[in-house]
Amino acid sequence: MSSRNMKLDEIKARAQAAFETTEQRKKDALVAWQALEDQASQTRLKTEKLRALRLARDAEEAAAKAAASRSEAATKRPRKAAAKSL
């Protein structure tokens with residue numbers, strides 16, 4: 001339908017409806033974008049937490065391994081030194 005045959009009120013009503021539709025789409029897009037950002041933030045937090053837990057576990061294992069090697073070295077009998085020839 002051409003705007004030439006429409007009354008001014010009809011043109012304004014169509015423009016207002018188009019504007020409201022556009023604004024609603026913007027709001028919906030903003031809500032969707034915010035949901036994606038929230039999900040990404042939660043994923044980053046979870047990843048950081050898991051990384052910290054893994055690093056703590058690795059440090060604990062390394063400390064246990066070092067302690068075990070120290071106690072193992074302490075329990076070994078010392079070797080007798082070979083007699084030196086004069």
Side-chain angles (χ1 to χ4, degrees):
M1 176 183 262
S2 167
S3 62
R4 290 181 186 178
N5 298 333
M6 296 175 61
K7 293 182 181 178
L8 186 58
D9 291 338
E10 292 173 343
I11 295 171
K12 285 182 181 179
R14 282 183 62 186
Q16 184 64 31
F19 175 77
E20 289 171 0
T21 301
T22 302
E23 287 299 309
Q24 186 60 43
R25 286 182 180 168
K26 284 182 186 178
K27 288 178 186 176
D28 292 344
L30 183 61
V31 168
W33 183 264
Q34 187 63 42
L36 285 173
E37 286 292 319
D38 291 344
Q39 185 179 7
S41 178
Q42 289 175 353
T43 301
R44 281 190 297 273
L45 288 174
K46 185 177 179 182
T47 301
E48 289 173 10
K49 182 179 177 182
L50 290 173
R51 181 178 292 131
L53 289 171
R54 187 184 75 240
L55 290 173
R57 182 197 66 207
D58 291 349
E60 188 176 314
E61 288 175 356
K65 186 183 271 187
S69 69
R70 273 185 267 142
S71 66
E72 193 176 291
T75 58
K76 286 185 179 179
R77 285 192 269 163
R79 292 184 177 183
K80 292 184 179 180
K84 292 184 180 178
S85 61
L86 297 174

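Just so it is clear, the values below take in all heavy atoms, side chains as well, and ignore hydrogens, waters and symmetry mates. Model, not experiment: these values are computed from the prediction.
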#### Entry: Salt bridge flag under 4.0 Å for residues Lys26 and Glu23
yes
Count the heavy atoms belonging to other residues, nucleotides or ligands that lie under 6.0 Å from [atom1] of [X], then report whether that count exceeds 12.
X: Gln39; atom1: CD; value: no
X: Glu61; atom1: CD; value: yes
X: Arg57; atom1: CZ; value: yes

### Query
Are side-chain N/O atoms of Gln42 and Asp38 paired as donor and acceptor at under 3.5 Å?
no
### Query
Is there a donor-acceptor contact under 3.5 Å from the side chain of Thr47 to the main chain of Thr43?
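Judged by distance alone, yes, a pair lies under 3.5 Å.
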### Task
Taking the side chain as every heavy atom from C-beta outward, state whether Glu20 and Gln16 have any pair of such atoms under 4.5 Å apart.
yes
### Message
Using side-chain heavy atoms (C-beta onward) and a distance below 4.5 Å, is Val31 in contact with Lys27?
### Response
no
